[in-house]
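Read the structure below first, then the notes.
Order of listing sets the numbers, starting from 1, for every ligand and every atom in it. Computed from a predicted model, the values in this text were never measured in an experiment.
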Amino acid sequence: MKIELAKSYHNGSLLVSFATQTKSGKESVIKLNDSQLEKRLKAAIENKELSGSECEGTLFRNFDFQGYRHVLVIGLGEHPSHETFRQAAATAQSYISSTKSFDVSVLFDGVVGEKKHGIENLKSFAEGLYLSAYSFDELKSKKSDSGKKSPTIHFITKLQSDAQSKKALQEAAVLGECVNFSRRLGDLPGNLMTPSILADEINAATKGTGIKATIWDKARIKKEKMGGLYGVSQGSDQEPRFIILEYKGAASTKKPFVLVGKGLTFDCGGISIKPSAAMEEMKYDMCGGANVAGAMLAIAKLKLKINAICLIPATENLVNGSATKPGDVHTARNGKTFEINNTDAEGRLILADALCYATEQKPEVIIDAATLTGAMAVALGNVHTGYFTKNTDLKKKIEAAAEASGEWVWHMPLTHHHSKDMKGTYADLSNMSSGKGAGSATAAAFLENFVGEGIPWAHFDIAGTAWAVGNRLPYCPKKGASGVMIRTFVELAKQFSA
Ligand code: BES
Ligand code: ZN
Ligand code: ZN
């Protein structure tokens, strides 16, 4: 897909326009963002062929308006937010592909009451087009039509200066492409997305971005005393990897913004094996890693003025003859010991070493993302991502970042009660809580042991949101990786930039 800025109408196959609803007494009046078009569609409006409700798409085929063959009217409801535009873009995308339109114009201006937020709506709509264009069919012998030719979308807007509009469209393209990059890594099955493949794919993607990639193999991981990552990898014939990405966009004196992501390429649970129902979904257990890599790529491509480091411990959690057994004790990089009381609670073990390494970088902040606990999906479902932080300033920044990105986050409790439940009997810590309930918070409490005193830290448990099982968000695949939190992490990084 190509996105361009246009001054005015020009011939094409599809024109996308918008309709808003305004109240006049009890009646709801529909306003189109082109008065000529509104005149032409008077009968359709009177016959209630279109209502202007949020994300409603009404296609007028062979309509021949201003040189366009088809016209699509998308409803925005009464008070569209930037999220309305993102979701409306999914409606547009479905008609772009069903009409097989390759030369599309979007009339962006003239939407009632939306001048103030024009630039963020423009960015959101473009972002939504990228997000909803994603499909994962590379493993099918017959490809779908969408992969063959890609459309050019012209945005007709004079709302802001061309420079501002271009910048917004460019940012949307970067974010959309980075989210789709991470989604693909998540969607690839375990046999085609091993720790070494994950490292190679991420390494390849960093080329030309200014990011320096360093990848540690199994021997190096052992030498570096990463007993959590090494211990989990013992059960697998695939070598683990520790992926380090570094981007320098600010003075070397500026402390780094550090991202950490769980890169578990397949989690069968180990000896404490998972039930077989839906076990195939555990290929998504590397989405934390994939998504922080996507965020890092976006940070570098947008040339944010920060120093950023991204760390991804990657391994399988399988069950060969050398697999970790319940009761085994391992030592993390910072010297703390833990007993493994359930080999399925492996994410926290590999993150432990990565958080120790993050701490050694003397960071300004550490943000981690992981598909860590099934309990999080039970607590919050698949729209809200639960996050944990004790730092009130960071909490404020996260809330603002999520507000700007259009993603949903929810602050979760993390207290000494949860920490108490993670004490070990034979080692410093247990990887399983001694209490019942609060499984996501006790997992976060375990992680806290590996973050240096005083470092602002937030942990995002994306177990419920990393992949879709329903179709709550129209710009996410019905089934597949979502790329969640990439946009929020980029917004957060902006707040830390110089
Ligand atoms: N990868 C899973 C968490 C998970 C489960 C994510 C379901 C998404 C959907 C993690 O490694 C795990 O198995 N956690 C255990 C922890 C428990 C043994 C303390 C869990 O949540 O059951
Ligand atoms: Zn597990
Ligand atoms: Zn896991």
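Atoms of ligand 1 lying under 4.0 Å from at least one heavy atom of Glu346, given by number and element, are 11 (O). Every atom of ligand 1 is numbered from 1 in the order shown, and the set under 4.0 Å from a heavy atom of Thr371 is 1 (N), 2 (C), 3 (C), 6 (C). Residue Ala463 approaches ligand 1 through these ligand atoms, each under 4.0 Å from one of its heavy atoms: 6 (C), 8 (C). Atoms of ligand 1 lying under 4.0 Å from any heavy atom of Trp467, numbered from 1 in the order shown and given with element: 8 (C), 9 (C). Ligand 1 places these atoms under 4.0 Å from at least one heavy atom of Asn342: 18 (C). Atoms of ligand 1 found under 4.0 Å from any heavy atom of Gly374, numbered from 1 in the order shown, are 3 (C), 4 (C), 5 (C), 7 (C), 20 (C), 21 (O).
For the pair Asp344 and ligand 1, the shortest N or O to N or O distance falls below 3.5 Å. Backbone and side-chain nitrogen or oxygen atoms of Lys262 are examined, and one is located within less than 3.5 angstrom of a nitrogen or oxygen of ligand 1.
With Asn449 contributing its side chain and Ala445 its backbone, the two residues share a donor-acceptor pair below 3.5 Å. Formation of a donor-acceptor pair under 3.5 Å by the Ser440 side chain with backbone atoms of Thr373 is not found in this model. Using modelled atom types, one side-chain atom of Lys262 and one backbone atom of Thr371 make a donor-acceptor pair closer than 3.5 Å.
Residues Asp344 and Ser272 bring no donor and acceptor atom of their side chains to less than 3.5 Å of each other. With 3.5 Å as the limit, one finds a donor-acceptor pair spanning the side chains of Asp368 and Trp457.
Checked options Leu229, Leu264, Leu372; the residue passing with Leu351 is Leu372 (criterion: side chain to side chain contact (heavy atoms under 4.5 Å, CB included)). Residue His459 is tested with Phe388, Tyr387, Phe446 for a ring pair (Phe, Tyr, Trp, His ring centres under 6.0 Å); the sole match is Phe388. With Leu245 as reference, Thr206 is the one residue of Ile299, Thr206, Ile309, Ile215 to meet the side chain to side chain contact (heavy atoms under 4.5 Å, CB included) rule.
Of the candidates Thr373, Leu264, Asp285, the one placing a heavy atom closest to atom 1 (N) of ligand 1 is Asp285. When Asp267, Thr442, Ile350 are ranked by how near their heavy atoms come to atom 2 (C) of ligand 1, first place goes to Asp267.
In this structure Glu138 satisfies the salt bridge (Lys or Arg N to Asp or Glu O under 4.0 Å) test together with Arg184, sequence neighbours excluded.
Ligand 1 lies within reach of Arg348, whose nearest heavy atom is under 4.0 Å from it. Residue-ligand proximity: Phe446 is placed with every non-hydrogen atom at 4.0 Å or more from ligand 1. In this structure, Met282 has a heavy atom closer than 4.0 Å to ligand 1. Residue contacts with ligand 1 include Lys274, since one of its heavy atoms falls under 4.0 Å from the ligand.
Only the side chain of Met432 comes within 4.0 Å of ligand 1, judged by heavy-atom distances. Counting heavy atoms closer than 4.0 Å to ligand 1, residue Leu372 contributes backbone atoms (N, CA, C, O) but none from C-beta onward.
Of the protein's heavy atoms, none falls inside 4.0 Å of atom 22 (O) of ligand 1.
For Lys396, the NZ atom sits in a loose shell: 12 or fewer heavy atoms of surrounding residues, nucleotides or ligands are nearer than 6.0 Å.
Note that CD of Gln361 and NZ of Lys255 are 12.5 Å apart. Values are rounded to the nearest 0.5 Å. From Glu54, atom CD reaches atom CD of Glu78 across 10.0 Å, with rounding to the nearest 0.5 Å.
For Lys123 and Glu120, the salt-bridge test fails: no basic side-chain N is under 4.0 Å from an acidic carboxylate O. Comment: Asp137 does not engage Lys140 in a salt bridge, judged by the lack of any side-chain N to carboxylate O separation of less than 4.0 angstrom.
Around the Zn ion (ligand 3), the protein atoms of type N, O or S that sit closer than 2.8 Å are Lys262 NZ, Asp267 OD2, Asp285 OD2, Glu346 OE2.
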